[in-house]
Participant: 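What follows is a structure written as structure tokens; I'll ask about it next.
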Amino acid sequence: MRRLLFQGLVRSPLTERLPVPDDPELAALSRKLDAAAKRRLGRSLSIRAIDAGSCNGCELEINALSNAFYDLERFGLKFVASPRHADVLFVTGPVTKNMREALGRTYRATPDPKWVVAVGDCAIDGGLFAESYAVIGGVAEVIPVDLIIRGCPPRPRDLLNGLLALMEQPRRAASSP
Amino acid sequence: MKMASLIEIIANGAKVGDQRPWPRFAVDAVQWQEIAEGFRDGAFVLSGLWGEADAVHMALLDGASGEMAVATLPCPSGHFPSIGSIHPPAIRPERAIHDLFGHVPDGALDLRPWLDHGCWGVRHPLGVRLPAEGGSPYAFLPTEGEGLHRIAVGPVHAGIIEPGHFRFTANGEAIVRLEERFGYAHKGVESLMHGLPLDRAAKLAGRVSGDSTVAYALTFSRAAEAALGIDAPPRAHWLRALMAELERLANHLGDIGAICNDGGFALMLAHCAILRERILRASDAGFGHRLMRDAIVAGGVTTDLDPQRIFKLRQLLTELNRGFPQLVELYDNTASLQDRTVGSGRLDPALARQFGAGGFIGRASGRDFDARRKFAYPPYDQLAFDVPVRDDGDVNARVWIRIKEVEQSLALIEQILNDLPGGAVRVDLVPRAGEGVALVEGFRGDILVWLQLGDDARVRRCHLRDPSWFQWPLLEAAIEGNIVADFPLCNKSFNCSYSGSDL
Ligand code: SF4
């Protein structure tokens, strides 16, 4: 059977033997990010993703952060299932009118201090969908946004860079609703 | 009844417009209903049902002969005979038509709103607009019985997935009924399409369902080329197919990993995710974008391959040909995983046929349909490949169909790289009015695009039908009798698009 499992035992883990040329740079970036989160929060960073009406392209790249190339968890950055455990909300998509309420509720369920990142061009200003009767527009029209990450969708590396910038930027005034 | 008689039925009506490559006929209410009976009796498949301000249209498909036609029923009165009342796959499209255009399907059993949640500030946004009514709460179907309890999930889910609501009625652990409630991702794509020039319209089409951006841009572009009466250069066809197969590979690998992860086997996810990432990187190197977005346009493609890019893609093939068989072996030999996937979420082949379920969902339940084979659009008419079909219909079958399709896509990519013709990759467009329709095999099934262009070649009307329209309802059926804890696994094995069907 398990040639693959066996290899896993006798070889170094897959995450460390990936022949990815830019891996060191990426690892350094992730480590920096983890350190910044520890400085800022005294612990690692928990991220909650919420799709406010995206085309699902942004989700694909957020998901990619967990693959062995980026391996977020290795550095203590993790996606959590509930907004109640989250420090950062990753919001994707143009906010549809049908999602406005759910987005607001998720935001209110997230404890302070919290950061909101508008992920992807749609989340910034509604993108190609901005003019629709069914779309409100960017995330900032519904909840306060701390950072935007451009791209359609943003590459995983852009997402990591964005998180780092977030941890290093001065805190905005306390958030309301 | 056979397709010939179907054509007879609708050919009694007048052929309208100059729709290419398949004809469009105007029918009357009686013929409309006769066609519906043809769906019910299994003579042909309902491939799409959509509205216009003063008409309703449907696409009919004969899976056996590979013939297709569009039938149009004018409905100036705002009424048309319901098809959903005798052919259930039409129910959700009819509810959507009612929400968007205000047309009433007479005799419909279910006219609850589908896309309209009462939040738009307007009703019938694509028809005669009316001010929104105060939203009444959505009436879920009643379930009664001793010991039943309800579980409501969504629209915001625990994972990194799209928004949708699932209402389970369970008896202890066993699911008695699942009711889906969607529309949260509705972005009004069809209204946004109106008046767009072709380049912007192709971009919008590529954002209907992000995981299928290549397939959507391809379907849209083929419909536009049909409407304009032009053909893309041979090299463009081949490059498009290359992108389409890369997209299929990436998605299938993502799915196989995610299904196994939900089956409690995270190792498989880790390995599949690595292969997927390699595909995205090679796609980026080859076509300038990890998802190959906006690379396909009416008239051809926007980017060409040079020997260096081809080399990168060949390297990818080598890596996948080495890595993938090991993963197949791992899947095949992990009894604890098969314990979860075999027998779970079984979809009855009769239902798959009735709904015309496309993609791995249909092909894992005996429906032998693949638009690449049935319509053999270029370059698939010159490529050798198999269309795997099984009839066991469970999660395991859907995994195996994907595995076999990965193998086929790898072989297709190799053929494409070997035989890629030279020449231009794009032709200039001459603006003109026209009407086109296209059906393309995306990773999740066949995508239909119907397109009308005005004199300036701007979009007059465009309907984009995601395969999920005829797959989502089947998840409700397949999950019955499974335990609640197996829902994520079954849902992942379907992997329908929320955004694609919410539109
Ligand atoms: S930014 Fe692009 S990928 Fe993200 S939701 Fe919008 S269209 Fe999709």
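Excluded from the calculations below are hydrogen atoms, water molecules and symmetry mates; all remaining heavy atoms, backbone and side chain alike, are included. Quick note on labels: first sequence line is chain A, next is B, and so on, each numbered from 1.
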Participant: Take a 6.0 Å sphere around CZ of B:Arg200 and say whether it holds more than 12 heavy atoms from other residues, nucleotides or ligands.
Facilitator: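 Atom CZ in B:Arg200 is not crowded, with 12 or fewer foreign heavy atoms closer than 6.0 Å.
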Participant: As an exercise, state the distance from CD of A:Glu61 to CD1 of B:Ile160, rounded to the nearest 0.5 Å.
Facilitator: 11.5 Å
Participant: Side chains of A:Arg48 and B:Val156: does their closest heavy-atom pair fall under 4.5 Å?
Facilitator: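 The answer is yes, as the side chains (C-beta and beyond) meet within the 4.5 Å cut-off.
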Participant: Are A:Arg155 and B:Leu280 side-chain neighbours, meaning at least one heavy-atom pair lies under 4.5 Å?
Facilitator: no
Participant: Please report the interatomic distance CG(A:Leu128) to CE(B:Met193), rounded to the nearest 0.5 Å.
Facilitator: 9.5 Å
Participant: Under a 4.5 Å heavy-atom cut-off, does chain A meet the side chain of B:Arg207, its backbone, both or neither?
Facilitator: both
Participant: Which bit of A:Phe129 is near chain B, if near means a heavy-atom gap under 4.5 Å: side chain, backbone, both or neither?
Facilitator: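 Both parts, backbone and side chain.
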Participant: Looking at every heavy atom in both B:Pro155 and A:Ala102, which two are closest together, and how far apart are they?
Facilitator: CG-CB, 3.8 Å
Participant: Which atoms of A:Ile50 are under 4.5 Å from chain B, going by heavy atoms: the side chain, the backbone, both sets, or neither?
Facilitator: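 Answer is side chain: those atoms of A:Ile50 sit under 4.5 Å from chain B.
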Participant: If you tally heavy-atom pairs under 4.5 Å against chain B, which of A:Cys55, A:Ala49, A:Cys58, A:Ala81 wins?
Facilitator: A:Cys55
Participant: Between B:Glu162 and A:Asp51, which heavy-atom pair has the shortest distance, and what is it?
Facilitator: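 B:Glu162 and A:Asp51 have their closest heavy atoms at CA-OD2, 3.3 Å.
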Participant: Pick from A:Pro83, A:Pro156, A:Gly53, A:Cys152: which one has the most heavy-atom pairs with chain B under 4.5 Å?
Facilitator: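 When all of A:Pro83, A:Pro156, A:Gly53, A:Cys152 are compared, A:Cys152 has the most.
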Participant: Using non-hydrogen atoms and a 4.5 Å limit, figure out which bit of B:Leu503 sits close to chain A: side chain, backbone, both or neither.
Facilitator: neither
Participant: Step through the shown structure and confirm whether more than 12 heavy atoms of other residues, nucleotides or ligands are within 6.0 Å of CD on A:Glu131.
Facilitator: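 Result for CD/A:Glu131: open.
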Participant: Rounded to the nearest 0.5 Å, what's the gap from CD1 on A:Ile62 to CD1 on B:Ile161? Could you check?
Facilitator: 13.0 Å
Participant: Is it the backbone or the side chain of B:Asp284 that comes under 4.5 Å from a heavy atom of chain A, or both, or neither?
Facilitator: side chain
Participant: What part of A:Ser54 is in contact with chain B, defined as an atom under 4.5 angstrom from a non-hydrogen atom: side chain, backbone, both or neither?
Facilitator: backbone
Participant: For A:Val80, is it the side chain, the backbone, both, or neither that has a heavy atom closer than 4.5 Å to a heavy atom of chain B?
Facilitator: backbone
Participant: Ignoring hydrogens and geometry, is there a side-chain-to-backbone donor-acceptor pair from A:Asn67 to B:Ile274 under 3.5 Å?
Facilitator: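 Not at all, since once roles are kept as given, no pair shorter than 3.5 Å links the two residues.
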Participant: Considering only heavy atoms and a distance below 4.5 Å, find which of B:Gly183, B:Gly500, B:Gly254 pairs most often with chain A.
Facilitator: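 Most heavy-atom pairs within the cutoff with chain A belong to B:Gly183.
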Participant: For a side chain to side chain donor-acceptor pair (under 3.5 Å) with A:Asn56, tell me which candidate from B:Ser212, B:Ser209, B:Ser499 qualifies.
Facilitator: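 Looking at B:Ser212, B:Ser209, B:Ser499, the match for A:Asn56 under the side chain to side chain donor-acceptor pair (under 3.5 Å) is B:Ser209.
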Participant: Ignoring hydrogens, what is the shortest heavy-atom contact between B:Lys187 and A:Pro94? Give both atom names and the distance.
Facilitator: CD-CG, 3.6 Å
Participant: Look at atom NZ of A:Lys97 and say whether more than 12 heavy atoms of other residues, nucleotides or ligands are closer to it than 6.0 Å.
Facilitator: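 Above 12, so yes.
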Participant: Which bit of A:Glu101 is near chain B, if near means a heavy-atom gap under 4.5 Å: side chain, backbone, both or neither?
Facilitator: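 Neither the backbone nor the side chain of A:Glu101 comes within 4.5 Å of chain B.
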Participant: Taking the ring centre of each residue, are B:His186 and A:Tyr133 less than 6.0 Å apart?
Facilitator: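 Yes - the distance between ring centres of B:His186 and A:Tyr133 falls below the 6.0 Å cut-off.
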Participant: Give, as side chain, backbone, both or neither, the part of B:Leu100 having an atom under 4.5 angstrom from any heavy atom of chain A.
Facilitator: side chain
Participant: Of all of B:Ala185, B:Gly121, B:Ala273, B:Cys119, which one pairs up most often with chain A through heavy atoms under 4.5 Å apart?
Facilitator: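 The answer is B:Cys119.
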Participant: What is the minimum heavy-atom distance between B:Trp120 and A:Asn98, and which atoms define it?
Facilitator: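 For B:Trp120 versus A:Asn98, the nearest heavy atoms are NE1-OD1, 3.6 Å.
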Participant: Mark yes when over 12 heavy atoms from residues, nucleotides or ligands other than A:Arg100 sit less than 6.0 Å from its CZ; otherwise mark no.
Facilitator: no
Participant: Could you report the tightest heavy-atom contact between B:Pro163 and A:Met99, atom names first, then the distance?
Facilitator: CB-SD, 3.6 Å
Participant: How far apart are the closest heavy atoms of A:Tyr70 and B:Arg290, and which atoms are they?
Facilitator: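 Reported closest heavy-atom pair: OH-NH1, 3.5 Å.
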Participant: Please state whether the side chain, the backbone, both or neither of B:Leu204 comes within less than 4.5 Å of a heavy atom of chain A.
Facilitator: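 Contact with chain A: backbone and side chain both.
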